[in-house]
Amino acid sequence: MWTAAVVVAWLAALVPPALAKGPSAAAQERVGPVWASSAGRAQVRSDRPDGNALHVAWVAPPHVPDWELHQALAAFERASFPEGGAAPSLIEAPPEPWMAELERPALPVRWNDRLVDYLRYFRDRDPGRALMRGWLRRAGRYERRLRAILREVGVPEDLVFVALAESGFDPRVRSRVGAAGLWQFMEATGNVYGLHQDFWVDDRFDVEKSSYAAAAYLTDLHARFGSWELALAAYNAGYGLVMKAIERHNTNSFWALAKIESGLPYATVNYVPKIVAAALVGRNRGALGYGPKDLTPDAELDWVEVKLARSTSLSELARLLDTDASRLAEINAAFIRGRTPPERPTTVRIPRDKAQAFAAVRPELEALWRSEGTVTVKHGEALAAIAKRHGITEKQLRTLNGIRDAAEVVGGVVLVVPVDPPPTSGHAAAGDPEPLPLAAVPELVPGPGQRLVFLETNRASTPPDLERALGVRWSDLVRWNDLDPRARLQSGLWLQVLVPEGFDASARNVEIWEPAQVEHVVRGSRAHLEAELRRRGKVRRGYRARSGDTLAKIGTRFDLTVGDLSRINQVPRERDPTVGDLLVVYVDPKHTKGTVTAPAPIGFEGHPSEDGVDRAPSTAESARVPRGKPGRGDEGHTTKAEARGRKASTAETAGVPGAKDGGEDPGEDPRDQDPGDERTAEERVGE
């Protein structure tokens, strides 16, 4: 028999101390025999969940109150009902007298060993009692309201204990698989039952709307199966899975399916007796030690609804009303950004005793509204650029709009911005000293009727998003930019795109850049490397090795590390140069003494732009790819391909990884890596 002390001790052995407070910055995750830092892994993943598809930019993190108690419950289940162990078995009568005396809920109660174990866990074991005590305490906030909704829709009121077991009556719960709210709706099921979801609002977190949806969903599941046990199993696992189990195993009995190999999932087999056990506890609180003398339920949250004409921060509203900001946020949990959405009037809940105060603060609300405007985000537009145009920092923009990750902000989303100072327009004001963005791409020449433009990716950029915004195929973007279609897009990539001559970026709400607005160079070329180095205050030069030179000595001379020289020149760290070897070094423009003109970059030997080693270093202007056909301001230009006596690259032939177009493809850089970080070893200390 597992005592409470044994369960707690076992859980402590399984879960490190950092996890005792639930998922946090200090949490650790077990990977085989090692414990990894959750925060560190999230940083490496860039906050992306492990294994999510390329078309998913970001997923909201889970929020699970009483996390350690849920872990204790899971440990109890693994110990009492091991996977692959004995199937649940029905019993004739409750094995203990106190169980027989319990008042039955309005749900089928079929006595079985798992139901008995859950009842003992919630009555006798400290972790179980702590978990149930928290659930029943929070039940005071919503139980009466939810029972009324279930009764109105026509389902048993005791289904309220589904919400108790799913979320503990906390409407802000989000599971690790994306289920959300009191009733833990998945996104697709929520859509079926009218729970709206967008950037600003998620009705799955709305107490009343989600309860009506859950009542309707449970009604439909019961109509399909005719059994509350199968309906609850379908609520947990999905009705499609339950239907397949019934068809495959030729029985309509939940208990028969629970006994069959591959009949129902492990969690679902436990789910039904757990809900019934919770309902029995809820019906018999005093008898099981949860009566008024044992705990005081939270006060019922009562509210009235008021109209807000413009987007309003819930924290600001709480301040004006002099009410608890956390409770105001909870009863308005559907506003997932902490404020009401812009561009439309919205109904908001406020505590009933603040109705008169709301009328009194309207002038202050209107003053807030006058200080804020809106902006529609374009595809490919960076939050930092939006913030700069409106005279605030990116952090302030994120705070104003409740943005947790830039990947949430896709094209078309409307954000709140301050109206003072007034925004500026365009990518850069006249006379702006900042350099043009560097677009280093494979050679590509527009065909007839085509126009070359550029787009910068951001955290929200995904293949489907780019296809919708630009009206092109992902496979074309891959070919034009020599991308790996199996790798995730990273923010800050500059993609070249061939669009029709009449492409209307405004109509498609996409942020594009014309060739004149970027520094357009061939990826891997001398112009590319020199333009990138210029931004770091460096120049690319050559150095001929002398007698006694080593990589370490050369590095010391030019303020480079051995790793820098190894990476730049594609040589092993342990291999020292021989006399006369020509190495590439990245140096300060004021310290070029002893250097010579650098050799052509790897893959660009014999390229027309590399003719004459004694010429002045090429620049972005002298090595720029032609911007279009004659008649578009490029008269007199000859493509590099034509200068070599072969056809120019087109949308169909350019940038295909490994492809050749009648000869060497000069746009392909075999190194395909960062030219290097030329900080000194001392500057790297502490990284």
Side-chain angles (χ1 to χ4, degrees), residues 63 65 106 135-175 178-198 200-222 235 275 282 297-308 312 314 317-318 321 323-341 344-355 358:
H63 170 64
W135 286 352
L136 293 177
R137 188 191 70 251
R138 284 192 297 273
R141 304 181 189 183
Y142 301 112
E143 184 176 0
R144 187 193 64 81
R145 189 180 295 270
L146 268 57
R147 283 184 176 277
I149 292 173
L150 295 170
R151 186 167 59 250
E152 178 185 342
V153 177
V155 294
E157 290 182 31
D158 284 328
L159 287 173
V160 72
F161 296 109
V162 172
L164 180 141
E166 290 280 1
S167 66
F169 286 116
D170 189 328
R172 292 169 291 191
V173 169
R174 185 188 294 272
S175 79
L182 276 181
W183 298 89
Q184 289 293 280
F185 270 101
M186 295 296 288
E187 183 175 337
T189 309
N191 287 332
V192 170
Y193 286 89
L195 300 179
H196 175 75
Q197 300 152 54
D198 62 24
W200 287 100
V201 174
D202 189 337
D203 284 339
R204 293 179 298 167
F205 295 103
D206 184 286
V207 171
E208 288 194 336
K209 290 181 180 179
S210 67
S211 296
Y212 277 105
Y217 186 30
L218 288 164
T219 297
D220 294 344
L221 291 174
H222 188 261
Y235 191 91
I275 295 296
D298 290 345
E300 181 176 1
L301 296 183
D302 194 16
W303 59 74
V304 294
E305 294 183 341
V306 296
K307 285 279 189 181
L308 292 175
T312 306
L314 294 179
L317 181 59
L321 295 177
T323 191
D324 183 79
S326 177
R327 287 299 173 90
L328 186 68
E330 181 175 336
I331 62 178
N332 290 285
F335 301 127
I336 53 178
R337 305 291 163 185
R339 68 182 303 140
T340 63
R344 61 180 187 262
T346 308
T347 299
V348 174
R349 295 166 182 157
I350 64 172
R352 187 174 296 277
D353 61 357
K354 296 295 180 179
F358 176 77

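Side-chain contact between D302 and D353: absent, with no pair of heavy atoms (C-beta onward) separated by less than 4.5 Å. Between L308 and F358, the closest side-chain pair of non-hydrogen atoms falls below 4.5 Å.
The only member of V348, I350, T347 that meets side chain to side chain contact (heavy atoms under 4.5 Å, CB included) when paired with E305 is T347. With Y212 as reference, I149 is the one residue of D206, I149, L150 to meet the side chain to side chain contact (heavy atoms under 4.5 Å, CB included) rule. The one candidate from R337, R204, R344 that meets the salt bridge (Lys or Arg N to Asp or Glu O under 4.0 Å) condition with D198 is R344.
Annotation: cation-pi pair R145/W303 present, NZ/CZ under 6.0 Å from the ring centroid and within 45° of its normal.
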Pair E208-Y142, side chain to side chain contact (heavy atoms under 4.5 Å, CB included): steps then yes or no
CA-CA 9 Å; E208 288 194 336; Y142 301 112; over 6 Å; no

Applying side chain to side chain contact (heavy atoms under 4.5 Å, CB included), run through L301 and E330 and close with a yes or a no.
CA-CA 10 Å; L301 296 183; E330 181 175 336; 3.8 Å; yes

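Taking all atoms of both residues into account, the shortest heavy-atom contact from D158 to A106 is OD2-N, 2.6 Å. The shortest heavy-atom contact between P297 and G140 is CB-CA, 4.1 Å. Here the closest heavy-atom approach between residue A163 and residue W183 is recorded as N-CZ3, 3.8 Å.
The main-chain N or O of F335 is never found under 3.5 Å from a side-chain atom of N332 such that the two would form a donor-acceptor pair. No donor-acceptor distance shorter than 3.5 angstrom exists from the side chain of Q197 to the backbone of A188, with no hydrogens or angles considered.
Within 6.0 Å of atom NZ in K354, more than 12 heavy atoms from other residues, nucleotides or ligands are found, so the atom counts as buried in its surroundings. Surrounding CZ of R144 are at most 12 heavy atoms belonging to other residues, nucleotides or ligands under 6.0 Å away.
Ion pairing between R138 and D298 fails under the 4.0 Å rule for side-chain N and carboxylate O.
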